[in-house]
Protein chains: 2
Amino acid sequence: MEPIAQPAQGIENGDCPGLAYDVFARSCPSRGTLEHVTGRWGALTLGALHDGSFRFNELRRRVDGVSEKMLSQTLHALERDGLVHRDAQATNPPRVDYSLTPLGRDVAERLLTLIRFVEGRMDEVLVARERYDGARA
Amino acid sequence: MEPIAQPAQGIENGDCPGLAYDVFARSCPSRGTLEHVTGRWGALTLGALHDGSFRFNELRRRVDGVSEKMLSQTLHALERDGLVHRDAQATNPPRVDYSLTPLGRDVAERLLTLIRFVEGRMDEVLVARERYDGARA
DNA sequence: CGGTATCCTATTAGATACTG
DNA sequence: CAGTATCTAATAGGATACCG
């Protein structure tokens, strides 16, 4: 099994230079967690789970485009960081439900504030892109 | 024809299926912008610029660990999305100042709310990790 | 100073096949 | 259903050299 996304240089388990955790310092473990939270699939997975509890394949459909492998990897990383709760029932067929922990909910809320803001301003972004691209052509 | 594996550029310029921009839809351009904002270097660069205006190499020192190449690439993407303003003076030696646009400031604020929250809860995350790793050993 | 260009490696991601 | 294993392709990232 592939290891849960860990930056190669031991960033994830590094120490923080100062008194508090500082993502701007390259060896701070908060940088690794921030990457799990804001990463391509981490952000969308947390966002999807903010709506409730979902099974693996339900989640896969909600996070449009994610592969089994990446969803699995993402969920493991978020579970390890204490943001996602995994409830597995040993029935046949198996049933596994994923939900946010209280900490995960707090993170997802702040993340969704950002996501919704970006979505709401996409028109401006698209205009800016046209201006940028036009100036270079 | 639906390209199964869409490169980042394809996603970036894709159309949205519904009425609003929805990052959960794989072809929505908002997903690309969200990735610029929350990406490894994008998030840290926006966060650094929230403190004010900085020159290229000042920024490089603030975003600990970023290479010239990645900072350059990140700044271009954020400038294109209308989040960063680039002020180049044709002096010798050249002087270029980077700052946030009003839209970039709004994005950075919401991003920093998330970053600071994660930093402030790292102790809990680290405890969760130990529990997770311990249960598997 | 503020970058670009090039080359090369590491990491990520996807497709596919398979299992309890 | 809920994944894991394996292989391969695409992308991100780093090192170095160079330029206006």
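All of these numbers come straight from a predicted model, not from anything done at the bench. Lettering of chains follows the sequences in order, A, B, ..., and the numbering in each one begins at 1.
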Would you tabulate the side-chain donor-acceptor contacts of residues 130-137 of chain A under 3.5 Å, counting partners in other chains and residues two or more places apart, or write 'none'?
unit_1, atom_1, unit_2, atom_2, d
A/Y132, OH, B/H76, ND1, 3.2
A/D133, OD1, B/R80, NH1, 3.1
A/D133, OD2, B/R80, NH1, 2.6
A/R136, NE, A/Y132, O, 3.1

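DNA chain D lies under 4.0 Å from no heavy atom of any residue of residues 47-66 of chain B.
The separation between B/L44 atom CG and D/dA12 atom C1' is 15 Å, rounded to whole Å. One interatomic measurement links the two molecules: CD of A/Q89 to P of D/dG3, which rounds to 12 Å at whole-angstrom precision. In this structure, A/K69 atom NZ and C/dA17 atom P are separated by 16 Å, rounded to whole Å. When the P atom of D/dA2 is taken as reference, atom CD of A/Q73 falls 19 Å away, rounded to whole Å. Between B/D87 atom CG and C/dG2 atom C1' there is a gap of 14 Å when expressed in whole angstrom units. Between B/N92 atom CG and C/dG3 atom P the separation is 14 Å, expressed in whole Å. Here the P atom of nucleotide C/dA13 and the CH2 atom of A/W41 are 8 Å apart, to the nearest Å. The nearest whole Å value for the distance from the CZ atom in B/R40 to the P atom in D/dT11 is 18 Å.
Side-chain atoms of B/S99 do not come within 3.5 Å of backbone N or O of B/S53 as any donor-acceptor pair.
Here the nucleotide nearest the side chain of B/P94, chosen from D/dA2, C/dG14, C/dG2, is C/dG2. Nearest nucleotide to the side chain of A/R86, out of D/dG14, D/dA2, C/dC1: D/dA2. For A/S72, counting side-chain heavy atoms from C-beta on, the closest listed nucleotide (C/dA13, C/dT4, D/dT4) is D/dT4. Looking at the side chain of A/P93, the nearest of the listed nucleotides C/dG3, D/dC1, C/dC1 is D/dC1. If you check D/dG14, C/dT4, D/dT6 against the side chain of B/H76, the one that comes closest is C/dT4. Nearest to the side chain of A/E68, among D/dG3, D/dA2, C/dG2, sits D/dG3.
A donor-acceptor pair shorter than 3.5 Å cannot be found between the side chains of B/T45 and B/R40.
Take B/D123 and apply the side-chain hydrogen bond (donor to acceptor under 3.5 Å, both in side chains) test, not counting sequence neighbours, and it matches A/Y21. Under the side-chain hydrogen bond (donor to acceptor under 3.5 Å, both in side chains) criterion, B/D97 pairs with B/R95, sequence neighbours left out. Qualifying side-chain hydrogen bond (donor to acceptor under 3.5 Å, both in side chains) partners for B/R116, counting only residues two or more places apart in sequence or in other chains: none. Residues meeting the side-chain hydrogen bond (donor to acceptor under 3.5 Å, both in side chains) test with B/R61, sequence neighbours left out: none.
Residue whose closest nucleotide on DNA chain D sits further toward the 5' end, between B/S67 and A/V96: A/V96. Remark on DNA chain C: of its neighbouring residues A/M70 and B/L75, the 5'-side contact belongs to B/L75, judged by nearest-heavy-atom nucleotide.
In this structure, B/Y98 reaches the C/dG3 phosphate: one of its side-chain N or O atoms is under 4.0 Å from OP1 or OP2.
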